[in-house]
Amino acid sequence: MRRLLLVPVLLVAVLLACGLASPKAARAQGEAPMSAREVERIVKEYLLREPEVLYEALQELQRRRDAAEAERQRAVLIERRNELLGLPDDPVLGDPRGDATIVAFMDYRCGYCRSMAPALRALLEKDRRVRLVIKEFPILGPDSLVAARAALAARAQGRYAELHWALFQAKDLSEGAILELARRSGLDAERLARDMKAPEVERILERNRGLADALGISGTPAFVIGDSLIPGAAPVARLAELIAKARRSGG
């Protein structure tokens with residue numbers, strides 16, 4: 001609807017620029033101002049003759065919107081940098097004191113997250129100075145939420161990493177299946193079931209949702225490295241480039 005509204009606005013602007021729709025110009029020439037119907041006719045004829053003008057205008061509009069959104073996101077990255085880099089109760093993989101940080105918004109049911117998980121794990125093994133802050137962001141239904149709660153609850157037993165990577169390989173993410181997976185991963189499943197209901201788990205999830213909303217993140221995965229926000233799956237080589245860039249700028 002907004003794009004359709006742009007059509008008359010754009011072309012009336014063209015007409016005004018040419019003096020065709022200007023009341024002053026009409027009066028100067030002793031003519032009556034054009035009626036709305038006449039303007040609409042000229043607009044229609046112009047569109048039929050020069051349809052690419054509308055396409056170019058829409059492209060420019062989208063470019064300006066994208067630029068404005070990117071600028072807004074950069075401001076949020078700066079404003080909420082401490083929250084992004086990891087609060088005390090955020091899960092951190094890799095080197096907790098690493099000199100470069102990857103912030104990852106992930107969902108255990110997300111196919112792209114699942115495909116990237118092995119590469120991220122390999123990246124941490126290859127580059128021992130990277131710290132990976134996980135922002136649990138369950139957006140794909142009830143099983144996603146259960147899995148995120150279980151992962152966060154596993155921190156109380158010091159086994160977040162084990163369950164985190166295992167969940168990305170699990171075919172069944174129902175609560176019963178996850179508790180069995182936790183048991184096989186060396187966790188106390190009964191304790192995990194209790195800890196999943198802890199208020200702090202929901203508080204972390206709510207905080208992550210608020211942060212994602214502020215950044216305009218609506219899907220998974222999404223990564224933040226330095227001053228760059230990368231929505232969607234990205235080649236690990238691209239992440240490595242941004243890590244190197246973050247190191248040059250001090251993290």
Side-chain angles (χ1 to χ4, degrees), residues 73-74 76-108 110 112-138 147-170 181-182 184-187 192 195 198 200-201 203-205 207-208 211-212 214-215 217 220-251:
Q73 288 176 336
R74 279 192 290 271
V76 175
L77 290 176
I78 294 172
E79 178 185 349
R80 304 183 71 164
R81 181 173 175 78
N82 289 339
E83 185 179 348
L84 276 166
L85 292 181
L87 297 175
D89 51 4
D90 276 327
V92 177
L93 303 176
D95 182 358
R97 298 182 179 180
D99 62 357
T101 300
I102 302 174
V103 181
F105 290 79
M106 306 188 83
D107 182 316
Y108 293 108
C110 166
Y112 293 110
C113 297
R114 285 173 165 258
S115 67
M116 285 201 68
L120 281 174
R121 192 172 188 179
L123 175 63
L124 294 180
E125 293 173 354
K126 180 179 179 180
D127 189 336
R128 299 286 183 171
R129 297 180 297 156
V130 172
R131 62 192 297 267
L132 175 62
V133 177
I134 302 295
K135 300 291 187 180
E136 299 287 354
F137 189 41
R149 285 176 174 158
L152 290 172
R155 296 170 310 130
Q157 299 184 47
R159 306 302 292 271
Y160 175 85
E162 290 89 340
L163 190 56
H164 172 78
W165 299 121
L167 286 169
F168 277 125
Q169 298 178 341
L181 176 64
R184 295 199 306 270
S185 299
L187 285 87
L192 184 72
D195 291 340
E200 55 266 30
V201 168
R203 178 172 50 79
I204 294 171
L205 292 174
R207 186 178 70 209
N208 291 348
L211 184 57
L215 287 167
I217 295 172
T220 53
F223 302 95
V224 176
I225 304 176
D227 60 358
S228 298
L229 171 61
I230 308 97
V236 173
R238 174 59 176 158
L239 300 184
E241 290 175 4
L242 293 173
I243 289 170
K245 177 183 175 183
R247 282 181 171 137
R248 289 193 297 270
S249 61

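Glu79 contributes atom CD, which lies 10.5 Å from atom CG of Leu84 (distance to the nearest 0.5 angstrom). In this structure, Arg155 CZ and Asp89 CG are separated by 6.0 Å, a value rounded to the nearest 0.5 Å. In this structure, the separation between OG1 on Thr101 and CZ on Arg247 is 9.5 Å, given to the nearest 0.5 Å. Once rounded to the nearest 0.5 Å, the distance linking CZ of Arg159 with CG of Leu192 reads 11.5 Å. For the atom pair CG of Asp99 and CZ of Arg131, the computed distance is 10.5 Å after rounding to the nearest 0.5 Å. Considering SG of Cys110 and CZ of Phe168, their distance stands at 8.0 Å, rounded to 0.5 Å.
Under the 4.5 Å side-chain criterion, counting only non-hydrogen atoms from C-beta, Arg128 is not in contact with Asp95. Between Leu85 and Val133 there is no side-chain heavy-atom pair separated by less than 4.5 Å. Residues Ile102 and Leu123 have side chains in contact (heavy-atom distance under 4.5 Å, counting atoms from C-beta outward). When side chains are defined from C-beta on, Leu93 counts as touching Tyr160, because their heavy atoms get closer than 4.5 Å. Taking 4.5 Å as the limit, every side-chain heavy atom of Lys135 sits out of range of all side-chain heavy atoms of Ile217. Residues Phe223 and Leu120 are in side-chain contact: their nearest non-hydrogen atoms beyond the backbone lie under 4.5 Å apart. A 4.5 Å side-chain heavy-atom check between Phe105 and Leu211 finds at least one atom pair inside the cut-off. The shortest side-chain heavy-atom distance between Thr220 and Met106 does not fall under the 4.5 Å cut-off.
Annotation for Pro91 and Leu152: closest pair CG-CD2, 3.7 Å, computed over non-hydrogen atoms. Of all non-hydrogen atoms in Ile225 and Ala246, the two that sit nearest each other are CG2-CB, 4.2 Å. Of all non-hydrogen atoms in Ala147 and Leu167, the two that sit nearest each other are O-CD1, 3.6 Å. Across every non-hydrogen atom of Trp165 and Ala117, the tightest pair is CZ3-O, 3.4 Å. Summarising the geometry of Leu181 relative to Ala170, their closest heavy-atom pair is CD2-CB, 4.0 Å, with the distance given to 0.1 Å. Between Gly226 and Arg81, the shortest heavy-atom contact is O-NH1, 4.2 Å.
Qualifying side-chain contact (heavy atoms from CB on, under 4.5 Å) partners for Arg238, counting only residues two or more places apart in sequence or in other chains: Pro235, Glu241, Leu242.
Below 30°, between 30° and 60°, or above 60°: for Tyr108 and His164 the angle between ring planes is above 60°, a perpendicular geometry.
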Between Leu215 and Leu77, is a side-chain contact (heavy atoms from CB on, under 4.5 Å) present by the stated rule, with each step listed? CA-CA 8 Å; Leu215 287 167; Leu77 290 176; 3.6 Å; yes

For Val236 and Lys126, what are the C-alpha separation, side-chain angles and deciding distance, and is it a side-chain contact (heavy atoms from CB on, under 4.5 Å)? CA-CA 12 Å; Val236 173; Lys126 180 179 179 180; over 6 Å; no

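Of the charged side-chain nitrogens involved, at least one lies within less than 4.0 Å of a carboxylate oxygen, so that Arg207 and Asp90 count as a salt-bridged pair.
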